[in-house]
K.L.:
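Got a structure for you, written out below as structure tokens; questions coming shortly.
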There are 2 protein chains.
Amino acid sequence: MPSGPEDTGMEMADFLPYLLNQAAEQVSLEFQRTYKDKYGMLRTDWRVLFHLGRYGDLIATDIVQRARIHKTKVSRAVVRLEAMRFLVRDEVSTDRRQEILRLTPAGERAYADLSRIADDYNQKLWRNITPSERKRFTAFLVSLAGMDQRRRG
Amino acid sequence: MPSGPEDTGMEMADFLPYLLNQAAEQVSLEFQRTYKDKYGMLRTDWRVLFHLGRYGDLIATDIVQRARIHKTKVSRAVVRLEAMRFLVRDEVSTDRRQEILRLTPAGERAYADLSRIADDYNQKLWRNITPSERKRFTAFLVSLAGMDQRRRG
DNA sequence: TATTGTTATACTCTATAACTATA
DNA sequence: TATAGTTATAGAGTATAACAATA
């Protein structure tokens with residue numbers, strides 16, 4: 001039954017699925033404003049841009065495997081990033097089904113800008129956590145995400 | 001640039017928004033199967049059921065405030081739970097805009113079943129975490145979620 | 001036959017505005 | 001005028017099947 005004045009919105013704070021969802025939603029929302037308002041990107045667009053910016057030219061299948069994004073999402077993000085003139089497609093001589101995805105100078109600039117903002121934001125989020133706790137929490141989240149085991153195709 | 005064979009899907013594991021999202025998604029997905037496959041519920045349905053089961057009869061506004069769910073979502077979840085015969089609406093004599101939401105015996109049974117499963121699942125998720133770490137981690141997630149400050153209307 | 005990538009479709013979730021009926 | 005709750009609509013995220021082109 002309802003208790004004191006402090007009893008507001010905390011009832012499910014012991015239930016990890018709920019708590020994770022609320023935290024992820026708030027945190028995503030805040031960072032989303034950067035790539036959405038500034039560049040008109042969706043979440044998958046940002047993730048694909050990140051992988052191309054950080055790891056260089058890749059084909060779609062590379063991104064599918066590295067970023068854990070389904071191929072249909074990657075396909076549509078590439079279409080959008082292409083429309084924004086942030087990437088171009090190059091032919092692969094050995095396999096005509098594939099295309100190398102390459103950032104344009106504008107794409108590189110967007111990546112540099114966003115990845116710097118992302119890094120700052122990340123540091124800010126972790127600021128009250130000690131390095132050893134951060135390591136433990138990260139490992140915990142990685143295991144919850146199944147990132148220590150699963151692969152996608 | 002791409003490195004070793006272990007370099008798969010871990011590139012963004014240092015970026016907390018991504019990591020939280022992946023963890024929340026996996027964990028939600030697993031628990032979702034329970035309320036979805038067994039009862040045909042959506043996420044908001046389960047949350048509303050949880051609040052009614054745990055705190056007794058409430059009006060929609062109570063659920064909005066306690067569960068941090070927007071009134072339009074609560075409204076639609078109530079319609080669905082009513083269609084499932086899991087709750088009924090009672091008139092409030094003092095204000096005809098409000099209705100008391102009350103679980104039926106079937107609703108109580110669904111709550112008892114699901115909340116037990118939820119509790120077991122929650123314990124399982126935390127099983128490798130010490131109590132003090134769990135406390136710290138919960139506080140961290142609560143602060144990320146803004147649940148230590150914000151209220152909704 | 002299998003793989004790469006695309007298109008189509010449906011469902012869920014989120015967000016907001018506009019509305020009703022009551023207060 | 002304000003509040004409780006409903007309805008409508010759009011955008012975004014997720015999931016899956018089916019497909020064309022190529023291997």
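Note on naming: letters A, B, ... go to the chains in the order of the sequence lines (proteins, then strands), and numbering restarts at 1 for each one.
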K.L.:
Just to be sure I understand the rule, does B:Thr44 reach a base, reach only the sugar-phosphate, or reach nothing, if contact means heavy atoms closer than 4.0 Å?
P.N.:
nothing
K.L.:
Between A:Phe31 and B:Phe15, is the gap from one ring center to the other below 6.0 Å?
P.N.:
yes
K.L.:
In terms of side-chain heavy atoms of A:Lys36, which of C:dT16, C:dG5, D:dA12 is nearest?
P.N.:
D:dA12
K.L.:
For B:Tyr35 and B:Trp46, take the angle between the two ring planes, folded into 0 to 90°, and tell me which bin it lands in: parallel under 30, tilted 30 to 60, perpendicular over 60.
P.N.:
parallel
K.L.:
Please give, in whole Å, the distance from C:dA15 P to B:Lys71 NZ?
P.N.:
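Result: 15 Å.
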K.L.:
Just to confirm, is there a sub-4.0 Å distance from OP1 or OP2 of C:dT4 to any side-chain nitrogen or oxygen of A:Arg96?
P.N.:
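No, no such contact exists.
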K.L.:
Could you state the CG-P distance from B:Leu101 to D:dT6, rounded to the nearest angstrom?
P.N.:
8 Å
K.L.:
Below 4.0 angstrom from OP1 or OP2 of C:dT6, is there any side-chain N or O of A:Ser75?
P.N.:
yes
K.L.:
Would you call B:Glu30 and B:Lys124 a salt bridge, taking side-chain N to carboxylate O under 4.0 Å as the test?
P.N.:
yes
K.L.:
Would you state whether a donor and an acceptor, one from the side chain of A:Arg97 and one from the base of C:dT3, lie under 3.5 Å apart?
P.N.:
yes
K.L.:
Rounding to a whole Å, what distance do you find between B:Glu99:CD and C:dT20:P?
P.N.:
18 Å
K.L.:
Return the CG to CZ distance between B:Leu52 and B:Arg102, rounded to the nearest 0.5 Å.
P.N.:
11.0 Å
K.L.:
Without decimals, in angstroms, what is the distance between B:Arg76 CZ and C:dT14 C1'?
P.N.:
11 Å
K.L.:
Output the rounded distance in Å from CZ (B:Arg43) to C1' (D:dG13).
P.N.:
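Checked: the CZ to C1' distance equals 11 Å.
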K.L.:
Taking the nucleotide of DNA chain C with the nearest heavy atom to each, does A:Val78 or A:Leu29 sit closer to the 5' end?
P.N.:
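Looking at DNA chain C, the more 5' nearest nucleotide goes with A:Val78.
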K.L.:
Considering only NZ, NE, NH1 and NH2 on the basic side and carboxylate oxygens on the acidic side, decide whether A:Arg109 and A:Asp113 come within less than 4.0 Å.
P.N.:
no
K.L.:
Output the single nucleotide from C:dA15, C:dT6, D:dG5 whose closest atom is nearest the side chain of B:Ile59.
P.N.:
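So the nucleotide nearest the side chain must be D:dG5.
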K.L.:
Choose from D:dT7, D:dT14, D:dT16 the nucleotide whose nearest atom is closest to any side-chain atom of A:Thr72.
P.N.:
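Closest nucleotide among those given: D:dT16.
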K.L.:
Starting at atom CG of A:Asp95, determine the distance to atom P of C:dG5, rounded to an integer number of angstrom.
P.N.:
8 Å
K.L.:
Could you state the atom-to-atom distance from CG of B:Asn21 to P of C:dC13 in whole Å?
P.N.:
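Spelled out: CG on B:Asn21 to P on C:dC13 is 14 Å.
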K.L.:
Starting at NZ of A:Lys73 and ending at C1' of D:dA12, how long is that distance when rounded to a whole Å?
P.N.:
11 Å
